[in-house]
Amino acid sequence: MAHALGAPAAPAILRNTELDADAVRQARVDLAACFRMAARLGLQEGICNHFSFVVPGRDDLFLVNPYGWAFSEITASRLLVCDFNGNVVAGDGVPEATAFYIHARLHKHLPRAKAAFHTHMPNATALAMLEGPPLVWAGQTALKFYGRTVVDEEYGGLALDETEGDRIAASIGDADIVFMKNHGVMVVGPTVSEAWDDLYYLERAAEVQRLALATGRQLKPVSPEMAQRTYEQMREGDRESARLHLESVKRILARDEPDFMH
């Protein structure tokens with residue numbers, strides 16, 4: 001299902017100590033932690049799916065997982081640094097082709113999207129396979145995403161060129177969560193921790209909605225006014241909550257899988 005990116009032209013030698021900066025090292029560790037916990041929670045799909053993050057201090061480069069490695073195998077040092085032209089400027093290997101064409105175009109066209117997490121995680125993807133709006137505003141966890149989602153109705157097959165990557169990027173608009181019909185989901189955010197927090201709770205919201213629908217009974221949505229009010233209550237402390245959520249993930253992994261930091 002995955003496709004390796006064709007061998008890119010050799011990039012110019014990068015002589016920039018910014019790639020060795022503490023902020024870049026921390027971004028690598030944070031992103032690797034997200035991969036490992038996503039694997040633990042069953043949010044990965046083989047060697048497919050991708051998380052990326054714009055390199056701190058370098059808006060023309062991004063970190064992304066290499067082709068051929070499962071989420072559970074990712075370490076901080078295994079992540080690639082790529083430019084928007086398909087060149088790997090640091091790291092061993094190449095990105096998976098759809099990872100490059102989706103994520104490079106997204107980061108290029110949406111500067112606010114520093115982090116971009118794309119998965120086929122089962123519950124959210126199941127909702128993306130149905131007719132109509134994926135999320136029903138009937139559960140408190142779902143209200144975290146009220147007013148923040150968009151549905152990309154135009155499935156275009158595998159993103160194996162810039163055209164499909166540009167189309168996906170354009171579909172996002174001001175949203176943070178994209179349900180890609182017949183495909184999966186994309187979560188974008190300003191930080192690794194906020195993207196992780198959204199990805200985690202999106203799957204939880206989708207899971208409880210699927211369980212409720214399985215009863216055969218009718219869902220009971222909250223009113224738009226209450227949905228908006230609850231979203232605003234949640235949003236007030238969301239950034240700090242997301243930071244603490246990722247810190248807890250790293251503590252768990254440091255105890256059980258400390259190699260993720262290497």
Side-chain angles (χ1 to χ4, degrees), residues 18-57 62-66 69-81 90-92 99 103 113-124 139-145 148 176-177 185-208 231 233-262:
E18 287 173 320
L19 291 186
D20 297 321
D22 289 343
V24 179
R25 170 63 184 166
Q26 188 61 59
R28 285 180 172 275
V29 170
D30 288 351
L31 200 55
C34 294
F35 281 109
R36 290 296 186 93
M37 188 55 73
R40 279 191 170 207
L41 297 175
L43 308 186
Q44 85 291 354
E45 185 162 88
I47 59 169
C48 303
N49 299 174
H50 338 102
F51 296 170
S52 62
F53 185 64
V54 173
V55 173
F62 63 100
L63 291 161
V64 69
N65 45 314
W69 297 87
F71 279 18
S72 60
E73 299 179 292
I74 296 299
T75 64
S77 62
R78 187 160 283 152
L79 294 167
L80 305 176
V81 177
D92 294 326
H103 290 249
K114 300 298 185 185
F117 288 11
H118 170 56
T119 73
H120 301 165
M121 54 191 187
N123 292 289
Q140 178 171 289
T141 302
L143 299 182
K144 173 179 171 64
F145 307 106
R148 301 175 58 209
D176 300 318
I177 312 296
V185 296
M186 175 71 78
V187 173
V188 301
T191 63
V192 171
S193 61
E194 288 170 272
W196 167 254
D197 198 59
D198 278 347
L199 189 81
Y200 172 84
Y201 285 110
L202 181 65
E203 180 66 353
R204 295 293 287 176
E207 181 180 18
V208 294
Y231 159 71
Q233 289 174 324
M234 291 180 173
R235 199 61 173 167
E236 187 173 339
D238 238 14
R239 175 163 288 192
E240 178 63 5
S241 178
R243 185 187 69 81
L244 293 173
H245 186 184
L246 184 56
E247 289 301 312
S248 75
V249 166
K250 289 188 289 185
R251 286 195 300 272
I252 292 168
L253 293 171
R255 181 189 66 217
D256 300 340
E257 303 177 43
D259 65 306
F260 86 94
M261 294 181 284
H262 301 157

Would you say the rings of Phe62 and Phe53 are close, in the sense that their centroids are separated by under 6.0 Å? no
Pair Gln26-Asp30, side-chain donor/acceptor within less than 3.5 Å: yes
Pairing of Arg235 and Asp238 as salt bridge, 4.0 angstrom limit: yes
Electrostatic pair Arg239:Glu194 at N-O distance under 4.0 angstrom: yes
Shortest non-hydrogen contact from Lys250 to Ala33? CG-CB, 3.7 Å
What are the two closest heavy atoms between His103 and Ala116, and how far apart are they? CE1-O, 3.2 Å
Side chain of Arg148, backbone of Lys144: donor and acceptor closer than 3.5 Å? yes
Quick one: does Arg40's side chain get under 4.5 Å of Leu253's, heavy atoms only? yes
Ignoring hydrogens and angles, tell me if any N or O in the side chain of Glu257 forms a donor-acceptor pair with the backbone of Arg36 under 3.5 Å. no
Could you check whether any side-chain N or O of Ser193 sits under 3.5 Å from a backbone N or O of Leu246, counting only pairs where one atom can act as donor and the other as acceptor? no
Check: Asn49/Gln44 side-chain N/O donor and acceptor closer than 3.5 Å: no
Is it true that, when you exclude Gln140 itself, more than 12 heavy atoms of the residues, nucleotides or ligands shown sit nearer than 6.0 Å to its CD? no
How about Phe145 and Tyr231: are their ring centres within less than 6.0 Å of each other? no
Taking side-chain contact (heavy atoms from CB on, under 4.5 Å) as the test, write out the residues that go with Ser72, two or more places apart. Ala39, Ala70
Are there over 12 heavy-atom neighbours, none belonging to Asp256, within less than 6.0 Å of that residue's CG? yes
Would you say the side-chain atoms of Arg78 pair up with the backbone N or O of Pro66, donor to acceptor, closer than 3.5 Å? no
Non-hydrogen side-chain atoms of Val81 and Arg28 separated by less than 4.5 Å: yes
Look at the aromatic rings of Tyr200 and Trp196 and report parallel, tilted or perpendicular, splitting at 30° and 60°. tilted
Minimum heavy-atom distance Thr119-Leu43, with the two atoms named: CB-O, 3.8 Å
Separation of His262 NE2 from Ser77 OG (nearest 0.5 Å): 9.0 Å
Criterion side chain to side chain contact (heavy atoms under 4.5 Å, CB included) on Phe35 and Asn65, from CA distance to verdict: CA-CA 9 Å; Phe35 281 109; Asn65 45 314; 3.4 Å; yes
Under the side chain to side chain contact (heavy atoms under 4.5 Å, CB included) criterion, do Leu79 and Ile74 qualify, and how do the steps go? CA-CA 7 Å; Leu79 294 167; Ile74 296 299; 3.8 Å; yes
Identify the two heavy atoms, one from Thr75 and one from Asp259, that lie closest to each other, and give their separation to 0.1 Å. CG2-O, 3.5 Å
Are Met37 and Ile252 side-chain neighbours, meaning at least one heavy-atom pair lies under 4.5 Å? yes
Determine yes or no for a side-chain-to-main-chain donor-acceptor pair under 3.5 angstrom, with His118 supplying the side chain and Val185 the backbone. yes
Would you check if Cys34 and Val249 make a side-chain contact, meaning some heavy-atom pair closer than 4.5 Å? no
Glu45 side-chain N/O to Met121 backbone N/O, donor-acceptor pair under 3.5 Å: no
All heavy atoms of Ala195 vs all of Val187, minimum pair found to be O-CG1, 3.7 Å
Going through the distances and angles, do Asp197 and His245 end up as a side chain to side chain donor-acceptor pair (under 3.5 Å)? CA-CA 7 Å; Asp197 198 59; His245 186 184; 2.7 Å; yes
For Arg204, check side chain to side chain donor-acceptor pair (under 3.5 Å) against everything at least two apart and list the hits. Glu207
Which label fits Phe117 and Phe51: parallel for a plane angle under 30°, tilted from 30 to 60°, or perpendicular past 60°? parallel
What closest approach, in Å, do Val24 and Pro56 show between heavy atoms, and which atom pair accounts for it? CG2-O, 3.8 Å
More than 12 heavy atoms of other groups within 6.0 Å of Glu240 CD: yes
What distance separates Glu73 CD from Ile47 CD1, expressed to the nearest 0.5 Å? 9.5 Å
